[in-house]
Amino acid sequence: MPTVSVEPVLNISAYLFVPLPDAADLRPLLHGRATARGLKGTILLAEEGINLFLAGPADAVRGFVDDLRADDRFAPLVPKESWSDSQPFRKMLVKVKREIIRMDHPTIRPSAGRAPAVAPATLARWLGQGHDDDGRPVVTLDTRNAFEVDCGTFEGAIDWRIGKFTDFPAALRAHREELAGKTVVSFCTGGIRCEKAAILMAEEGVQNVFQLEGGILKYFEETGGPHYRGNCFVFDERRTLDPSLAAAPEGEVSAIEK
């Protein structure tokens with residue numbers, strides 16, 4: 001069932017790793033569709049897939065997603081929803097990039113095969129009991145930038161203080177031995193970074209690696225946020241969301257700079 005809210009603006013984030021050799025041709029098409037519906041936000045397109053953040057009236061946002069899914073390549077797209085009382089974006093941008101999330105590691109191609117994923121409810125249960133279903137200790141690995149982590153993260157999460165996602169491969173190689181013998185769950189805001197991170201970890205020989213399905217936002221939506229402390233940074237004018245997916249009070253993030 002669709003989420004019901006008295007607030008007027010529906011915000012969605014979604015991504016999908018799927019081959020898009022026609023990314024440049026899609027740019028004007030998607031920009032035209034979004035602006036025609038009065039939406040604002042950002043859509044990133046690359047040969048490896050699509051990443052989008054959009055906001056507007058609920059019918060307009062969901063209608064755009066329905067139109068997008070009419071292309072079979074985008075049929076699996078599952079947006080994460082939240083609400084706000086004002087439009088958090090200033091314009092509508094559609095950009096073509098080399099990667100929809102830059103890692104500078106071209107052998108990582110999630111469209112060729114995803115890393116195993118763990119559902120939010122399962123992770124909450126694992127964290128509550130202190131181990132996975134096979135008895136291995138569970139650690140969460142934050143793949144976000146340091147300033148995002150400072151707004152909030154899971155209790156005891158591993159934080160390598162990276163400044164940008166392209167730093168992650170080097171950080172992994174420096175700390176890989178710390179992950180031995182554990183079940184490692186990589187996580188990020190909406191799932192896109194932790195998906196690439198989990199694949200890289202598996203390729204680098206880390207065993208028992210999972211990605212958190214849907215990232216922090218889906219975890220908040222489905223569990224309410226147990227074992228998470230603080231808020232989740234988002235790249236729009238709301239700045240951070242609390243575990244109810246509401247914008248956190250402005251004072252809580254006044255010291256955080258992009």
To the nearest 0.5 Å, how far apart are CG in Leu44 and NZ in Lys97?
-> 6.5 Å
Can you list the steps and then say if Leu20 with Asp22 is a side chain to side chain contact (heavy atoms under 4.5 Å, CB included)?
-> CA-CA 5 Å; Leu20 296 179; Asp22 57 340; 4.2 Å; yes
Check: Glu155 main-chain N/O paired with Arg229 side-chain donor or acceptor under 3.5 Å | no
Charged N to carboxylate O under 4.0 angstrom, Asp104 versus Arg98?
-> yes
What are the two closest non-hydrogen atoms of Thr223 and Ala124, and how far apart are they?
-> CG2-CB, 4.4 Å
Please answer whether the main-chain N or O of Ala115 pairs with a side-chain N or O of Gln211 as donor and acceptor at a distance below 3.5 Å.
-> yes
Could you state the interatomic distance from CD1 (Ile108) to CZ (Phe17), rounded to the nearest 0.5 Å?
-> 10.0 Å
Would you call Glu237-Lys40 a salt bridge at under 4.0 Å N-O?
-> no
Run the salt-bridge test on Arg176 and Glu204 with the 4.0 Å N-O cut-off and return the result as yes or no.
-> yes
Rounded to the nearest 0.5 Å, what separation is found between the CD atom of Glu47 and the CD1 atom of Ile100?
-> 10.5 Å
Is it true that Arg238 and Asp85 have a side-chain N and a carboxylate O under 4.0 angstrom from each other?
-> no
How about Val185 and Trp126: do any of their side-chain heavy atoms sit closer than 4.5 Å?
-> yes
So, for Ser82 and Leu241, which heavy atoms are closest and what is the spacing to 0.1 Å?
-> OG-CD1, 4.1 Å
Pairing of Lys218 and Glu213 as salt bridge, 4.0 angstrom limit | no
Any side-chain heavy-atom pair from Leu123 and Phe154 closer than 4.5 angstrom?
-> yes
Report the C-alpha separation of Tyr15 and Ile50 in whole Å, then their side-chain angles, then the decisive distance to 0.1 Å, and conclude whether the side chain to side chain contact (heavy atoms under 4.5 Å, CB included) test is met.
-> CA-CA 5 Å; Tyr15 75 94; Ile50 185 171; 6.0 Å; no
Nearest-0.5 Å distance, CG of residue Asn145 to CD1 of residue Ile162 | 5.5 Å
In terms of heavy-atom contacts, Glu148 and Phe235 come closest through OE1-CE1, 3.5 Å
Just wondering, more than 12 heavy atoms not from Asp59 lying within 6.0 Å of its CG?
-> no
Which heavy atom in Pro76 sits nearest to a heavy atom in Leu16, and how many Å separate them?
-> CD-CD2, 4.0 Å
Is any side-chain heavy atom of Phe165 less than 4.5 Å from a side-chain heavy atom of Lys196?
-> yes
Verify side chain to side chain contact (heavy atoms under 4.5 Å, CB included) between Thr140 and Leu127, making sure each step is shown before the conclusion.
-> CA-CA 9 Å; Thr140 55; Leu127 294 176; 4.1 Å; yes
Kindly work out whether a path of hydrophobic side-chain contacts (I/L/V/M/F/W/Y, heavy atoms less than 4.5 Å apart) joins Leu77 to Leu30.
-> yes
Can you tell me if Asp134 uses its side chain to pair, donor with acceptor, with the backbone of Arg136 under 3.5 Å?
-> no
Where the side chain of Gln87 meets the backbone of Ala55, is there a donor-acceptor pair that is under 3.5 Å apart?
-> yes
Decide yes or no for Glu203 and Pro169: does some side-chain heavy atom of the first lie under 4.5 Å from some side-chain heavy atom of the second?
-> no
Can you tell if the side chain of Glu81 reaches within under 4.5 Å of the side chain of Val61, non-hydrogen atoms only?
-> no
For Phe187, does its backbone N or O pair with a side-chain atom of Thr143 as donor and acceptor, under 3.5 Å?
-> yes
How close do Asn51 and Ala14 get, heavy atom to heavy atom, and via which atoms?
-> OD1-O, 3.2 Å
Kindly determine whether Thr42 and Asp236 satisfy side chain to side chain contact (heavy atoms under 4.5 Å, CB included), including the steps that lead there.
-> CA-CA 10 Å; Thr42 301; Asp236 60 52; over 6 Å; no
Leu52 CG to Ile12 CD1 distance, which is reported to the nearest 0.5 Å = 5.0 Å
Within a radius of less than 6.0 Å around CD of Gln129, do more than 12 heavy atoms belonging to other residues, nucleotides or ligands occur?
-> yes
Check whether any side-chain heavy atom of Phe233 sits under 4.5 Å from a side-chain heavy atom of Asp150, and report yes or no.
-> no
Is Leu212 linked to Phe220 within one hydrophobic cluster, defined over Ile, Leu, Val, Met, Phe, Trp and Tyr using a side-chain heavy-atom separation of less than 4.5 Å?
-> yes
Evaluate the ring planes of Trp160 and His175, with Trp represented by its six-membered ring, and classify them as parallel (under 30°), tilted (30 to 60°) or perpendicular (over 60°).
-> parallel
Does any N or O in the side chain of Arg114 come within less than 3.5 Å of the main-chain N or O of Glu195, such that one atom is a donor and the other an acceptor?
-> no
Val94-Leu29 co-clustered via ILVMFWY side chain contacts under 4.5 Å | yes
So which heavy atom on Ser86 is nearest to which on Ser84, and how close?
-> O-OG, 2.8 Å
Is there a chain of hydrophobic side chains (I, L, V, M, F, W, Y, each step under 4.5 Å between heavy atoms) that links Val209 to Ile158?
-> yes
Spatial distance of atom SG (Cys188) from atom CG (Leu217) [nearest 0.5 Å] = 9.0 Å
Leu172 with Val139, same ILVMFWY side-chain cluster at under 4.5 Å | yes
Thr35 side chain to Gly32 backbone, donor-acceptor under 3.5 Å = yes
Do Leu54 and Met92 touch side chain to side chain, with heavy atoms closer than 4.5 Å?
-> yes
With no hydrogens and no angle check, is any side-chain donor or acceptor of Asp71 less than 3.5 Å from a backbone partner on Arg73?
-> yes
Assert yes or no for the condition that the ring centre distance of Tyr219 to Tyr228 is strictly below 6.0 Å.
-> no
Report yes if some heavy atom in the side chain of Val149 is under 4.5 Å from a heavy atom in the side chain of Arg161; otherwise report no.
-> yes
